[in-house]
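Atoms within a ligand are numbered from 1 in the order they appear, just like the ligands themselves. Numbers for residues simply follow the sequence, beginning at 1. Remember, predicted model here, so these are calculated numbers, not experimental data.
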Amino acid sequence: MTLKFLDLPGLHRDLRAELLGEIADVIDTGQFVLGPKVDTFEQNFAAYCGSTHAIGFNNGTSALHLALLAAGIGPGGEVITTPMTFVATVSAILYTGATPVFADIDPVSYTLDPTKLEALVTPNTRAILPVHLYGQMAQMPAILEVARRHDLRVIEDAAQAHGAQHAGRAAGAWGDLACFSFYPGKNLGACGEAGAATTRDAALARTLRQLRDWGQDGKYNHVRQGFNARMEGIQGAVLNVKLRHLPRWTEARRRVAAIYAERLSDLPDVVLPREAPDSRHVYHIYAIQVADRNALQRRLLEAGVPTAVHYPQPVHQLACYRGQAFAEGHYPVAEALARRELSLPMCPTMSDEQAHFVCDAVAAALG
Ligand SMILES: *Cc1c(COP(=O)(O)O)cnc(C)c1O
């Protein structure tokens with residue numbers, strides 16, 4: 001059996017004709033940057049998230065960077081976030097001139113530990129930036145409670161969590177702002193780079209539309225310093241097609257996760273992901289923990305099972321930030337996860353047989 005960690009060509013096979021038709025429309029109309037396909041996608045995606053406004057960007061990092069700027073984050077400000085995330089979360093804070101302040105993660109959900117936040121709030125704290133890591137939502141009710149008490153903005157990094165829910169409410173509908181990536185490997189991916197932010201606040205939405213388009217409020221009326229961070233028409237067209245398939249792809253991920261959970265839960269030395277009560281995990285990553293991650297990864301590869309690590313180092317230990325004041329300190333839960341985490345193959349195209357094949361290989365490798 002041959003198995004890919006993520007089979008992007010397989011995911012697009014059935015959609016090829018439809019995607020090419022939509023791309024041809026963009027070529028025929030010449031609406032290559034923003035335009036009607038992006039407008040439609042923004043409306044559809046806002047509705048999908050249960051939010052009011054969606055603003056399309058050229059990638060998820062721009063969405064984060066400009067959402068932070070729109071929220072008034074800048075030099076002198078502090079943003080509390082998790083060290084266990086993709087580097088972009090922290091880079092976006094630094095791009096604004098603000099300082100990231102790390103709080104360790106909760107050992108069960110792997111997301112920002114709400115009990116660690118209050119002690120980190122200073123007169124300079126402006127926002128909390130939780131990450132819905134691996135496709136599971138951060139503990140938003142508790143995080144919002146701390147934010148309310150201290151009058152802080154909340155910006156969700158939902159780059160890995162399209163369609164995740166807690167208490168029936170989706171990622172993207174909790175914070176003042178939420179940011180998504182449509183990098184091809186994300187649960188909803190473009191045919192290239194793209195991102196979006198969602199908000200229920202019309203003023204923030206308007207600011208974001210200006211920031212992504214050179215600060216313009218109408219042509220050549222530059223009302224603020226802006227950026228070139230617009231979504232391309234072709235990506236809007238592609239995302240409209242793919243958004244229709246996202247619910248069934250999410251179910252397919254959850255089916256693979258259910259097989260993994262059933263088959264691997266008896267293995268004594270493996271920690272499996274735990275879906276929080278009243279929540280819907282969308283399994284962007286199926287992350288297990290084992291004592292000797294590297295040995296398991298080697299054995300699985302020999303057995304034909306490709307795996308990955310998300311992430312080998314927490315952000316405060318990355319070479320690019322090591323030694324900087326904000327990166328000092330230790331976050332033992334995040335550091336332990338980075339040493340022990342292994343991501344099993346996860347893709348909506350996986351068959352039940354392939355999921356069982358992975359489980360057989362894990363059991364044999366640990367047996
Ligand atoms: C992918 C990702 C981003 C960045 O999105 P891009 O579209 O690649 O710029 C930010 N945060 C997290 C948690 C991500 O996984």
Side-chain angles (χ1 to χ4, degrees), residues 5-6 8 38 41 45 54-69 79-96 100 102-103 105 109-112 127-138 140 143 154-164 171-172 174-175 177-198 208 211-212 227-232 234-236 238-239 242 253 281-287 308-316 318 320-321 334 337-338 341 343 346:
F5 182 74
L6 172 66
L8 280 182
V38 173
F41 174 67
F45 191 66
I55 301 92
F57 290 97
N58 56 344
N59 57 55
T61 305
S62 292
L64 278 167
H65 175 200
L66 303 191
L68 287 159
L69 289 181
V79 178
I80 302 175
T81 193
T82 163
M84 197 56 189
T85 182
F86 181 62
V87 65
T89 313
V90 176
S91 296
I93 296 168
L94 289 162
Y95 294 162
T96 69
F102 293 120
I105 54 172
S109 69
Y110 308 147
T111 59
L112 205 52
I128 305 174
L129 206 176
V131 179
H132 305 321
L133 193 72
Y134 304 150
Q136 167 126 283
M137 286 198 54
M140 294 308 291
I143 291 169
V154 174
I155 298 158
E156 301 168 61
D157 183 340
Q160 304 186 356
H162 321 69
W174 290 80
L177 292 147
C179 300
F180 292 84
S181 166
F182 307 119
Y183 183 76
K186 300 291 161 84
N187 286 26
L188 177 62
C191 289
E193 305 263 5
T198 57
L208 282 172
L211 283 169
R212 74 173 173 184
F227 298 81
N228 179 352
R230 300 165 297 217
M231 184 184 278
E232 295 186 342
I234 284 177
Q235 304 311 339
V238 163
L239 288 165
K242 292 186 70 179
R253 287 176 183 276
H281 196 317
V282 295
Y283 297 103
H284 172 59
I285 301 292
Y286 193 92
V309 173
H310 297 90
Y311 298 91
Q313 287 175 316
V315 176
H316 65 286
L318 294 176
C320 59
Y321 296 138
L337 179 61
E341 194 273 346
S343 308
M346 175 53 76

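Among all protein heavy atoms, the one lying closest to atom 2 (C) of ligand 1 is Lys186 NZ, 2.6 Å. For atom 13 (C) of ligand 1, the nearest protein heavy atom (residue, atom name, distance) is Asp157 OD2, 3.4 Å. Regarding atom 7 (O) of ligand 1, its nearest protein heavy-atom neighbour is Ser181 OG, 2.6 Å.
Here the side chains of Val131 and Leu112 are not in contact, with every heavy-atom distance at 4.5 Å or above. You'll find the side chain of Glu341 reaches within 4.5 Å of the side chain of Ile285, heavy atoms only. Counting only heavy atoms from C-beta outward, the side chains of Ile80 and Phe102 never approach each other to under 4.5 Å. Using a 4.5 Å heavy-atom cutoff, the side chains of Glu156 and Cys179 are not in contact.
Those atoms of ligand 1 with a heavy atom of Gly60 less than 4.0 angstrom away are 5 (O), 6 (P), 7 (O), 9 (O). Each of the atoms 3 (C), 4 (C), 10 (C) of ligand 1 lies under 4.0 Å from some heavy atom of Ala88. Numbered from 1 in the order shown, with element, the atoms of ligand 1 that lie under 4.0 Å from a heavy atom of Gln160 read 13 (C), 15 (O). Near Ala159, meaning under 4.0 Å from one of its heavy atoms, ligand 1 places the atoms 2 (C), 3 (C), 10 (C), 11 (N), 12 (C), 14 (C), 15 (O).
With Leu64 as the partner, the side chain to side chain contact (heavy atoms under 4.5 Å, CB included) test is satisfied by one option alone out of Asn59, Asp157, Thr96: Asp157. Just one of His284, Met346, His310 meets the side chain to side chain contact (heavy atoms under 4.5 Å, CB included) condition when paired with Tyr134; it is His310.
In this structure, Phe227 CZ and Phe57 CZ are separated by 10.5 Å, a value rounded to the nearest 0.5 Å.
The N/O atoms of Thr85, backbone and side chain alike, include none that comes under 3.5 Å of an N/O atom in ligand 1. Considering backbone and side-chain atoms alike, Tyr183 places every N or O at 3.5 Å or more from each N or O of ligand 1. Considering both main-chain and side-chain atoms, Phe182 never comes within under 3.5 Å of ligand 1 through any nitrogen or oxygen pair.
Contact annotation for Thr61 and ligand 1: heavy atoms of both the backbone and the side chain come within less than 4.0 Å of the ligand.
Not a single heavy atom of His132 sits under 4.0 Å from any atom of ligand 1.
Checked against the 6.0 Å centroid threshold, His316 and Tyr321 do not count as a close aromatic pair.
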